[in-house]
Each structure stands twice: as structure tokens, then as C-alpha cells.
Protein chains: 2
Amino acid sequence: MLTLKKTASEYHHGDLQSALITAGLRQVEKNGLNSLGLRQLAVETGVSPAAVYKHFQDLDHLKACIAKASREILGSMMLKSLKQLPDEPKTKLDALKRLRATGSAYIDFGVQKKNLFEIAFISFDSPDLGPDSPNSYQIFLDCLIDLNKLGALSDSNLLIAPAMAWSAVHGFASLATHGIYGNKAEIEVFKDSVLSGVPRLIQIEL
Amino acid sequence: MLTLKKTASEYHHGDLQSALITAGLRQVEKNGLNSLGLRQLAVETGVSPAAVYKHFQDLDHLKACIAKASREILGSMMLKSLKQLPDEPKTKLDALKRLRATGSAYIDFGVQKKNLFEIAFISFDSPDLGPDSPNSYQIFLDCLIDLNKLGALSDSNLLIAPAMAWSAVHGFASLATHGIYGNKAEIEVFKDSVLSGVPRLIQIEL
DNA sequence: CTTTAATGTGAACAATGTTAACATTAAAGA
DNA sequence: TCTTTAATGTTAACATTGTTCACATTAAAG
């Protein structure tokens with residue numbers, strides 16, 4: 001339709017649903033998950049508190065949508081990290097570099113946007129909201145499929161390997177956001193170690 | 001002092017501070033972090049809402065104390081898992097079994113007490129509350145020191161190795177609590193894989 | 001035994017999530 | 001096009017929450 005919103009009757013918002021999610025993302029990123037409030041978001045988007053309930057069942061549902069949006073930002077950062085590398089990896093080493101890049105992006109997201117990372121996995125269980133796109137697990141898996149095609153991974157590991165890689169990377173990101181590894185310079189050292197360890201963890205053979 | 005609380009004047013509670021933490025732990029474990037409320041805890045411990053503020057600065061502070069208590073339960077479960085093994089490991093393999101036992105206990109805690117695991121790392125940064133005892137990181141470290149003494153680990157890794165092991169185990173526990181690996185039977189398979197992968201990750205040489 | 005500090009109560013406050021009844025607009029069907 | 005209907009918004013109210021203040025009660029210290 002695309003009706004160049006001249007209809008500024010100011011009564012209907014136009015796209016409140018995504019406006020609330022966007023405002024929520026900004027609020028969480030700036031002041032943390034605890035600072036997220038329904039009324040405050042309503043004010044921020046210039047709407048009454050009750051209007052929110054036309055688009056979300058309750059605050060938890062809205063939070064879940066903001067969480068999903070966070071995960072999708074994470075996923076897009078992972079994809080972005082891949083765009084600076086050769087598309088179709090021809091060698092095992094190239095394929096491995098791609099896996100490492102996605103892992104690095106995952107950790108960077110956690111460290112740089114720790115408040116978004118904090119909310120990202122809220123209500124991750126309930127699949128009411130449909131799959132993430134992009135989906136970070138799928139991105140890991142694609143990298144491992146490439147490695148498998150090139151013979152760097154045993155087939156039996158295509159189920160286990162992504163789980164293990166994800167665990168290591170996610171765990172490091174999570175612990176890093178909790179300030180366990182000190183300042184960002186120190187984090188970088190540990191991060192490299194973890195990323196270098198992943199191929200051993202999932203038994204890559206070059 | 002130990003004054004066998006005959007002084008049941010019913011006005012002063014006796015040990016409200018820890019009673020609130022205990023009640024908080026039970027509430028979180030049963031109904032999740034979101035269900036935790038100050039007034040409700042006050043009712044549960046038979047005390048007025050304002051009384052809580054004689055022992056905690058605010059709800060966040062109380063939450064942080066409950067979180068610390070959760071981590072200490074985790075730590076004690078790790079220690080418990082060690083008590084069924086030979087005290088002083090004489091062989092590399094024995095030492096490795098101890099490391100694996102602690103990792104297994106860590107993951108079990110996450111899966112079996114997912115609500116406690118959820119709160120456990122809240123306010124982990126702020127060291128106002130003093131160190132955990134027992135401290136799960138220290139337990140990992142002790143296992144690795146044993147391995148190092150037996151020559152299974154390069155010295156340079158005594159800083160990095162615990163961080164990596166912790167990351168893998170913590171990440172898996174975290175993702176498992178989010179229901180990513182399906183039911184508990186499936187989780188067990190993945191868990192064994194991760195635990196078997198840790199020695200490769202941290203470059204144990206047997 | 002008196003004073004003081006620790007620990008409790010009760011009433012009030014502002015702010016929050018939520019709901020219900022109603023208003024306005026956009027979309028659909030005659 | 002006109003009418004109806006569904007979608008989307010508003011306002012007012014409610015119960016509940018975290019928090020504070022003035023005050024009461026008890027335990028500990030001098």
C-alpha cells in the first residue's frame with residue numbers, strides 16, 4: 001500500500017507494534033532490562049498505556065518480542081562478519097575462518113551490547129513468535145556444514161558440534177558480560193583463546 | 001551466644017536477614033525470578049514490608065543476596081560431586097575425572113534448578129557482598145591446579161584454561177535451561193559430549 | 001538501671017501493570 | 001458511495017508494588 005503517511009490524523013499511530021519494539025530496544029540498550037516499563041514505553045511512543053494491549057497480550061509478551069529483536073540483531077551482526085570473507089569457502093582453512101568470524105561476532109555482540117545480550121534469551125523457549133531471522137544457531141550450523149563438505153568434520157558430529165561450539169561461545173559471552181574477565185582489553189585475550197579452542201572442541205581436522 | 005530462642009516475644013524475628021534469603025530462594029525455585037516480590041516475602045516471613053529495609057537497601061540488594069546464595073548452592077553441589085571421588089588424585093586420569101565431575105554437577109544444577117540458575121548470576125559483577133563460598137570458579141581452578149601438578153596442563157594455561165572450561169560448561173548449562181536441547185534425556189547426550197570436549201578445549205595431555 | 005542502638009510496625013505515596021467502557025478511524029461489503 | 005464492522009486508540013479506575021517516614025518495641029552497652 002505504502003501511503004506516504006500524509007494521513008497524520010494523529011489518532012492512529014501507523015505502526016505502533018514495531019515502534020514499541022524499537023523504543024524497547026533503545027531503552028534496554030541504554031538503561032538495562034530493569035528500566036523497561038510499559039507506561040514509559042507508551043509515553044515514549046506518544047500513546048496511552050492501554051494502547052499497548054492492542055498489540056501485545058501483556059508486558060511479558062512485549063519483552064519476549066524485544067528479546068527476539070535482540071537476537072536478530074545478534075544474527076545480523078554475525079552475517080555482517082561473514083560478508084568480509086570469501087563467499088564459498090574452497091579450503092578447510094577458509095571455512096574455519098568463517099566459523100571463527102561468526103563466533104567472534106557473537107562474543108562482540110555480548111560484550112558491546114551487554115544489555116541487549118541480557119534480554120536476548122528471555123522467553124527463548126516459547127516458539128509462539130516464530131523463528132528468528134537471521135537465526136544465530138543456523139548460522140553456526142551453516143559454517144559447520146561447509147566444514148563438513150570439505151571433510152573437516154566427521155558426519156556424526158553435525159548434530160553435536162554446533163551445540164558444543166555454541167555453548168563455548170555463548171558461555172564466554174555470558175560470563176564476559178558479567179565482568180568476570182575484567183576490562184575489554186583483557187577480554188580480548190580470553191576471547192582469542194576461546195575462539196582458537198573451538199576447533200579442538202568440535203574435533204576439526206585440517 | 002546461642003540463646004535457644006525461648007525469647008518468642010514475637011516482635012523481633014530473630015534472624016530475618018537469612019529468613020528472607022531462604023524464603024526468596026524457595027520462591028524463585030518454585031515460581032521463577034519474575035514471581036519474586038518484596039511484600040510477598042515479607043508476608044511469607046511474617047513481617048511487615050518495611051522491616052525488609054532494616055536488612056537490605058532495596059529489592060535489588062535482596063535479589064543480589066539471593067543470587068549469591070544460589071551460586072553457593074551451585075558451589076556446594078560441585079563439592080558434593082567431588083566427595084565421591086578419591087581425595088588427592090594420584091594419576092592424570094583421576095584428576096581429570098574430578099574436573100569432569102565438577103562440570104557435570106554445574107550442568108546438573110542448571111538443568112535441575114533452572115530457576116535458581118536464572119537468578120544466580122544477577123549482580124555477579126558487584127563485589128559488595130564478598131566472595132562466594134564455596135566459589136565455583138575456584139573449584140574449577142583447584143581441579144586444574146591438580147592436573148597441572150601432574151603435568152597434564154601447560155603452566156601458561158592455568159589462567160586461560162579455567163576460563164575456557166567454565167565458558168563451555170556455563171554456556172551449555174545456560175542454553176540447556178532455555179530448552180534448546182529438548183527434554184532431559186536428550187540433554188544428557190549433549191552434556192556428555194561437552195564434558196568430553198572440555199579436555200580437548202583446554203589441551204589436556206594424558 | 002538507664003541509655004542507646006537495633007529491629008520491628010503502620011500509614012502514606014507515587015508509580016506500575018492491567019482492565020473496562022467508550023471514541024475514532026480505516027477497511028470491507030452492500 | 002454509503003453503511004457497517006473491525007482495528008486501533010483514549011480515559012478513568014483498580015489492585016498491587018516498592019519505598020519512605022514517623023513511631024513502637026526490644027536487645028545490648030555503659
Side-chain angles (χ1 to χ4, degrees), chain A residues 1-24 26-28 30-67 119 122-123 126 128, chain B residues 1-24 26-28 30-67 119 122-123 126 128:
Chain A
M1 187 165 290
L2 219 130
T3 57
L4 220 356
K5 52 174 161 181
K6 263 191 299 196
T7 73
S9 21
E10 302 285 324
Y11 192 92
H12 286 110
H13 179 285
D15 196 4
L16 183 55
Q17 173 136 8
S18 62
L20 283 168
I21 293 177
T22 301
R26 200 174 45 229
Q27 175 65 23
V28 170
K30 191 176 291 183
N31 295 327
L33 174 54
N34 261 356
S35 79
L36 191 67
L38 186 145
R39 290 184 106 102
Q40 171 213 108
L41 280 188
V43 169
E44 190 129 353
T45 56
V47 108
S48 78
V52 177
Y53 292 85
K54 302 293 171 171
H55 299 272
F56 303 94
Q57 310 162 24
D58 53 19
L59 179 58
D60 275 345
H61 182 215
L62 173 52
K63 272 184 188 166
C65 292
I66 297 172
I119 200 185
I122 281 186
S123 305
S126 77
D128 314 346
Chain B
M1 187 163 292
L2 222 129
T3 57
L4 220 354
K5 53 175 163 182
K6 264 192 298 198
T7 73
S9 23
E10 302 284 326
Y11 191 91
H12 286 110
H13 180 285
D15 196 5
L16 182 55
Q17 174 134 8
S18 62
L20 284 167
I21 293 178
T22 301
R26 197 174 48 231
Q27 176 65 22
V28 170
K30 191 176 290 183
N31 295 327
L33 175 54
N34 260 355
S35 79
L36 191 66
L38 185 146
R39 290 184 105 101
Q40 171 212 107
L41 280 188
V43 169
E44 189 130 353
T45 55
V47 107
S48 79
V52 178
Y53 290 87
K54 302 293 173 174
H55 299 273
F56 303 94
Q57 310 162 25
D58 53 19
L59 178 58
D60 275 344
H61 182 215
L62 173 51
K63 272 185 188 165
C65 292
I66 296 171
I119 200 185
I122 280 186
S123 305
S126 78
D128 314 347

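Order of the sequence lines sets the chain letters (A, B, ...), proteins ahead of strands, with each chain counted from 1.
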Worksheet item: Among residues 51-61 of chain B, which contact DNA chain D at a heavy-atom distance under 4.0 Å?
Response: B/Tyr53, B/Asp58, B/Leu59
Discussion item. With the threshold set at under 4.0 Å for non-hydrogen atoms, list the residues of residues 34-42 of chain A touching DNA chain D in residue-number order.
Written reply: A/Arg39
Worksheet item: Taking only residues two or more places apart in sequence or in another chain, which ones pass side-chain contact (heavy atoms from CB on, under 4.5 Å) with B/Leu38?
Response: B/Pro49, B/Val52, B/Tyr53, B/Leu59
Fill in: Nucleotide D/dG18, atom P - distance to CG of B/Leu62 in whole Å
10 Å
Worksheet entry | Test side chain to side chain donor-acceptor pair (under 3.5 Å) applied to A/Ser18 - qualifying residues, sequence neighbours left out | A/Asp15
Worksheet item: Out of C/dA20, D/dT20, C/dT18, which nucleotide sits closest to the side chain of B/Ala50?
Response: D/dT20
Worksheet item: Does any N or O in the side chain of B/Gln27 come within less than 3.5 Å of the main-chain N or O of B/Gly37, such that one atom is a donor and the other an acceptor?
Response: no
Fill in: side-chain contact (heavy atoms from CB on, under 4.5 Å) partners for B/Ser123, two or more places apart
B/Ala64, B/Ser126
Worksheet item: Does anything in residues 33-53 of chain B pair up under salt bridge (Lys or Arg N to Asp or Glu O under 4.0 Å), and if so which pairs, sequence neighbours excluded?
Response: B/Arg26-B/Glu44
Worksheet item: Partners of B/Thr22 by side chain to side chain donor-acceptor pair (under 3.5 Å), sequence neighbours excluded?
Response: none
Practice prompt. Enter the distance from A/Leu62:CG to A/Leu41:CG here, rounded to the nearest 0.5 Å.
Written response: 6.0 Å
Fill in: Pairs where residues 45-64 of chain A contributes a residue and the test salt bridge (Lys or Arg N to Asp or Glu O under 4.0 Å) is met, not counting sequence neighbours
none
Practice prompt. Identify, with sequence neighbours excluded, every residue that meets ring pair (Phe, Tyr, Trp, His ring centres under 6.0 Å) alongside A/His55.
Written response: none
Practice prompt. Could I get the full list of side chain to side chain donor-acceptor pair (under 3.5 Å) partners for B/Asn34, not counting sequence neighbours?
Written response: none
Worksheet entry | Atom-to-atom span, CD of A/Gln27 to P of C/dT16 - whole angstrom | 11 Å
Worksheet, complete the sentence: Taking Watson-Crick and G-U wobble contacts under 3.5 angstrom, with | marking pairs to another strand and [ ] crossing pairs, the secondary structure of DNA chain D is written ||||||||||||||||||||||||||||||
